[in-house]
Amino acid sequence: MTIRLPSCLVMPRKMTHTLFWIWFFCTPLVLRASEPLRLTQLDHASWTIKDGAPLDIRALVQADDGTIWLTAGNGLYNFNGVTFTPFQFQQSDLQVPFSIFEDRMNDLWVGFGIRGIAQIRNHIVIRTYGEKDGFPAGTVKWIAQDPNGIITAVAGGQIVQLRAGKWENPTASLDLGSDVQNIFFDRSGTLWAATTTSIWKLPAGDHKWQKVEAAGGFDTFFAEGPDGSVWAQNQPVEPVQSFTRRIWKGDLVQMPDRIRTYGFQMAFDWGGLLWMGSPNKGLIRILPAQTAMKTEGHKEADDFTVEHYTSLDGLSNNTVTTIMQDHDGDLWVATAGGLDRFRRPNLVRFVDRPTDYGNVLAQCPNGELWLGVQESSAISMRDSVLTEHGPKREFYSAHCDASNVVWVTGHQGLWRYSDETYKVVPPPAGILPEFVRQLVGPGDHLLYVSLTRNGLWRYSDGLWTRIAVPNLPDITPTSLLMDGQGRLWTGYLDNRVAVLVGDQARVFSGDKAKPLGMIQVFLESPSGMFVGATNGLAVLRGDQLETLQTVDQVDVRGISGLLQSANGDLWLNGLRGIVHIAATELAEALKSPGYQMRSDLMSEAGIVGPSPQVLEVPSAIKDLHGMLWFSTTNSVVSLDPSAIKSSTEPPNVTGMAMTVDGQPLPSGSRIKPGYHTLRISYFGVHVSAPEKVTYKYQLAGADQTWQDVGRRTEAVYTGLRAGKYRFSVIASNGEGVWSKTNDSLQFTVLPSFYQMPTFVVSCVVLGIGLIWLAYGVRIRSLSTAIRTREVVRADERIRIARDLHDTLLQGVQGLALRFGAATKQLPSGSRVRESLEAALISADRLLEEARNRVSSLRAQILTQQELIEGLRFIADEHNEQNQTRFRIDVECSVAKVSPSVWGELFYIGREAITNALRHSDASEISVSLRCISRAVIFIVSDDGSGFDIAAYQGAPTNGHWGLHGMQERAEAMGATFKCVSKRNVGTEVTIVVPMRWNYLKGAF
């Protein structure tokens, strides 16, 4: 077990004053492995009125959510480890709370000072009970719950139980002798009751009360030991003498059955020691017989010692009113001035001597641990004995060599301590004694010593030699280490480390961009050579010092102590105090350069950094038992890395609250658009160590992963998009135990008008409409341009046709007439006349062709009426004997069809009519022109002989291109062409011209 130092404050009650001081000064202080820590060594925290704690606290209870409820002179409060929140009662007839209890259903029961009891669920009073419910008037002193779940209370000197909504007195038919003062259920379910004159018990499942052989009294309190023993503390009415006594069997044989002392309340701690509260002497702890120092003539009742803890030690007030043990085993002490918490520490103070300034540490091979305290004698601890050595002095450093000789440096120079004798070792000639700083080495025959302003020296058998080898920096080292191979390592102010091997030195440097600064300490480890410096932690890799990164870089500033425990964990002593880095984190950092290690600050009440800097280094050592010792600004502490107390209880996240632009909103709220800032506050209840609680949260709908926010207790969001969100938060107790995501806060951000689906649809429709409008405008513009070009072309055709008719044709016709007249004057049959007549025939053909061309020019700019008349003219011209009937049906009132359309239909119609008249031997030809909402339909049909259309699908071999020409013209103007023909039935040609802006100016 861990070796602990004895308590000088704990003394046998029968020891005389003289014997005590003889013992103190003349007897070595024996260390007892089983001795408990002193009260001053426990981790103590206190909350007073300046921290918001109420005065005159009367009762305590820890709720299932981890918070502590307490009753005080001015009301009911809830404490979450940081804040005391008053509970607001709504009923005006309720009095000041006095007692408090939480049942197995997590309902809170609060008893009042004059009358009544209230039941509270989820921070809401769900019912109050009074005299109308059978609850007696008077102070409600105690509340408990029996094994069957029945709420039991003491009020008005009676025991009452709640059954079916009514309070009943189970002892109404039993004469207990006097008013009941207190009740208590032990772990077996036995009910204990104390009256002013006696103590009674009712075993579980029994209906018969049994009187116990013990006197009652006023202000009687019960407690149950870890062995099942039941203890009562009371002040009998007669005689006036207070006792704490065992009233039921147990195995605590080292404790006497009766202790003559008096206090308020009682509780057993984690080690089975009895704590009591005194009305004016603070906190009392009873140490059992085996730890008490016995003197001649002692009695059994005095076979114990009493330890006090008062306001002088830091207690909030000397009037202790109640004591409670929480879920983690910590003890909470309520006083008239506030609230105190005591728990087992991981960092155990050395309290036998003042160690609040400048301490040095050294470990000898024989197990002896040396401690040098400024302006005091050196202290050694070996084989459970604490010994002081020599006169008072100042200490710079200490070193124990292989022969267990202790070397001490200080303002008085270098001293050698061996065989209980100090010997001064003179420094080199010309060097002041106070310049001797650090030293390492195996003993008298070889020591390496750093001398301020004078570099590195070797001391061997009384001789001093300045070390000067190639590559070794010619400045004074700031740290020294002799490794397991006998090599000397030196660290310097300027980010450099050197190792001396024989007469050669190798120098290693840290990162020049982010220098380590002054090297203060080395650690030789199986994982490598580590160095601690003013600016961080590094490991030697090849010829370079590689800086190791941490999440919180402040944790590795000013390292003057560096240790590694048996499990591979690193322990640092730096500016912030004692820092722990787990072996798994270190392994990951060594494997992955740049990895940021997580570190834990070992913060316990009153133990703070910084560690010693420059002098008194190294500030941490490991003894032969594996215990780690650290020197801090105000104390020397020890730590057993194999027995670190850790909490397995995760924090309980409570108090999630949401505000939008400063206005509080409940979960499930619908947040209007246009807000600026959304804040969500939360808190993880961990009353044992609220300063260690860290958080992660995630806003589903916004955060992709959990956000690690450290100790921040508020989340802030701005500019959230419309949608549904769920906020969840988890908390860690600082030791890797995380809470579960049980509760969450949900809300909906409503969309702005421009985020609504209807707005989006409207925008899409409007966009499509605008595109369609732009398209229409573009089409109209193109159509107008096309029509303009058509009109221009039509006008040009007409002009050309007119010019050809009026000039060329007329001129040629005139020439032909003149030649004809001249020809008639020549003799008939002459060769000249025949030649001229042949030329005149050619001229007639030329004129006919020219007239056809002129007609073609004019046909392309036909109107609807001209189309109809032109087709009728074609039919009449080719139907010379009127053998074929010709019929035209028109159902079209469109006046704004492009002239080119009518022209193209004319050519197609002419070809179809001509073909029918020439080849089909038809008796009737019909032409139909119909205009519907989306098209112009033009049909030419006959009842002739028909033809084989398949023979005309490819390129014609007989030179007939009419059918292909009609199809090409139709396709050229975007129309569909269809020709249907059957033998002896006839032929039908159909042209469908769509109403496109290319052709129409605004139809139908």
Side-chain angles (χ1 to χ4, degrees), residues 1-3 43 344-349 361 363 369 481 483-484 520-533 536-541 546-604 607-611 617-632 636-648 689 691-692 694 732-738:
M1 294 181 63
T2 301
I3 297 177
D43 183 10
R344 288 169 292 175
N346 289 316
L347 301 175
V348 180
R349 292 173 179 269
L361 300 167
Q363 173 66 51
L369 181 69
L481 172 74
D483 66 16
Q520 296 200 101
V521 65
F522 290 92
L523 171 64
E524 184 181 12
S525 162
S527 304
M529 181 63 73
F530 294 89
V531 297
L537 174 69
V539 63
L540 183 62
R541 290 184 185 272
E546 180 181 296
T547 302
L548 299 177
Q549 305 296 324
T550 54
V551 174
D552 190 347
Q553 284 297 113
V554 181
D555 279 355
V556 293
R557 300 293 185 193
I559 302 173
S560 64
L562 186 57
L563 302 172
Q564 189 168 34
S565 54
N567 63 353
D569 291 357
L570 277 187
W571 297 86
L572 288 59
N573 198 15
L575 291 178
R576 292 190 71 178
I578 301 168
V579 175
H580 170 232
I581 298 177
T584 53
E585 293 290 302
L586 177 62
E588 185 63 29
L590 295 176
K591 182 178 65 175
S592 306
Y595 174 78
Q596 292 186 334
M597 299 181 292
R598 293 183 179 273
S599 54
D600 301 316
L601 179 64
M602 302 294 291
S603 58
E604 292 185 353
I607 300 174
V608 296
S611 64
V617 294
S619 63
I621 62 170
K622 180 168 66 172
D623 68 21
L624 298 185
H625 302 285
M627 293 284 294
L628 309 183
W629 293 79
F630 301 90
S631 172
T632 71
V636 171
V637 298
S638 63
L639 179 142
D640 185 352
S642 65
I644 293 178
K645 176 182 177 290
S646 60
S647 174
T648 59
E691 71 281 358
K692 293 185 178 181
T694 58
S732 168
N733 63 0
E735 298 173 4
V737 181
W738 288 88

Non-hydrogen side-chain atoms of Ser560 and Val521 separated by less than 4.5 Å: no

Nearest-0.5 Å distance that lies between atom CG in Asn567 and atom CD1 in Ile644: 8.0 Å

Partner of Phe522 under side-chain contact (heavy atoms from CB on, under 4.5 Å), chosen from Leu540, Asp483, Val531: Val531

Backbone N/O of Ile559 and side chain of Gln520: donor-acceptor pair under 3.5 Å: yes

Over all atoms of both residues, closest heavy-atom pair of Ser619 and Ser611: OG-CB, 3.9 Å

Leu563 side chain near Phe630 side chain, heavy-atom distance below 4.5 Å: yes

From Ile621 atom CD1 to Asn573 atom CG, the distance as rounded to the nearest 0.5 Å: 12.0 Å

Minimal non-hydrogen separation, Pro345 against Asp43, with atom names: CB-N, 4.0 Å

Gln363 versus Lys622, closest heavy-atom pair with distance: CG-O, 3.9 Å

Criterion side-chain contact (heavy atoms from CB on, under 4.5 Å) on Val556 and Gln549, from CA distance to verdict: CA-CA 9 Å; Val556 293; Gln549 305 296 324; over 6 Å; no

Closest non-hydrogen atom pair, Glu585 against Arg598: OE1-N, 2.8 Å

Any side-chain heavy-atom pair of Trp738 and Thr694 under 4.5 Å: yes

Side-chain heavy atoms of Phe530 within contact of Leu586, under 4.5 Å: yes

Minimal non-hydrogen separation, Gln564 against Ser527, with atom names: NE2-OG, 4.2 Å

Value rounded to 0.5 Å, distance of CG in Asp600 from CG in Leu572: 11.5 Å

side-chain contact (heavy atoms from CB on, under 4.5 Å) between His580 and Ile578, worked out: CA-CA 7 Å; His580 170 232; Ile578 301 168; over 6 Å; no

Minimum side-chain heavy-atom gap Leu562-Leu537 below 4.5 Å: yes

Worked check of side-chain contact (heavy atoms from CB on, under 4.5 Å) between Thr632 and Leu347: CA-CA 11 Å; Thr632 71; Leu347 301 175; over 6 Å; no

Straight-line distance of Arg557 CZ to Asp552 CG, nearest 0.5 Å: 9.5 Å

Ile581 vs Asp555 side-chain heavy atoms within contact, under 4.5 Å: no

Evaluation steps, side-chain contact (heavy atoms from CB on, under 4.5 Å), between Leu481 and Met529: CA-CA 11 Å; Leu481 172 74; Met529 181 63 73; 3.9 Å; yes

Euclidean distance, Lys645 NZ relative to Arg344 CZ, rounded to 0.5 Å: 5.5 Å

Side chain to side chain, Asp640 and His625, heavy atoms closer than 4.5 Å: no

Heavy-atom check, side chain of Thr550 versus side chain of Gln596, under 4.5 Å: no

Spacing of CE belonging to Met597 relative to CD belonging to Gln553, to within rounding of 0.5 Å: 8.5 Å

Shortest non-hydrogen separation from Leu361 to Ser631 and the atoms involved: CD1-N, 4.0 Å

